Amino acid sequence: MSVHDELTRMQHSLDDLRRSLSRLEQQMGSGGLEIRRVRTDTDHLRESVALLRQAAAAAPEVTKRPDLVTISDDPYDLSLWTDSDDEGLGARDRRAP
């Protein structure tokens, strides 16, 4: 899931929390310390999500890592190497100086 999708899900969850809090305030009244604290915390979370959304918009897109390629443990065909030199060791059938 992308960052944008996660932030949207978070925003929807906070909207649900705010609606639930409003219903609770209607039943309990909005003057209690507990309700005011939850309201303040909810408002702070909404502001924090807005800041995250701004930061995500300003951040460069993260590129997806390419798929991994499996390399077999089977030995290579030795005929592939008949016309090459062993680098750093000199040619086959000859001694190093």
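These numbers come from a predicted model, not from an experiment.
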Give every residue pair that meets the salt bridge (Lys or Arg N to Asp or Glu O under 4.0 Å) criterion with at least one member in residues 22-36, sequence neighbours excluded.
E25-R39
To the nearest 0.5 Å, tell me how far Q27 CD sits from I35 CD1.
9.5 Å
For a quick test of reading the model, state the closest non-hydrogen atom pair linking V49 to L7 and the distance between them.
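Nearest pair, atom of V49 first, then L7: CG1-O, 4.4 Å.
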Shortest non-hydrogen contact from V3 to A56?
CG1-CB, 3.8 Å
Return yes if a side-chain donor-acceptor contact under 3.5 Å exists between S2 and D5, otherwise no.
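Per modelled atom types, S2 and D5 side chains form a pair under 3.5 Å.
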What side-chain donor-acceptor pairs closer than 3.5 Å can you find for residues 68-76, not counting sequence neighbours?
residue	atom	partner	partner atom	Å
S72	OG	D74	N	3.1
S72	OG	D74	OD2	3.2

Step through the shown structure and confirm whether more than 12 heavy atoms of other residues, nucleotides or ligands are within 6.0 Å of CZ on R37.
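Incorrect, the count does not exceed 12.
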So [Y] and [X], do their side chains get closer than 4.5 Å, heavy atoms only?
X	Y	result
L45	M10	no
R18	L14	no
E6	L52	no

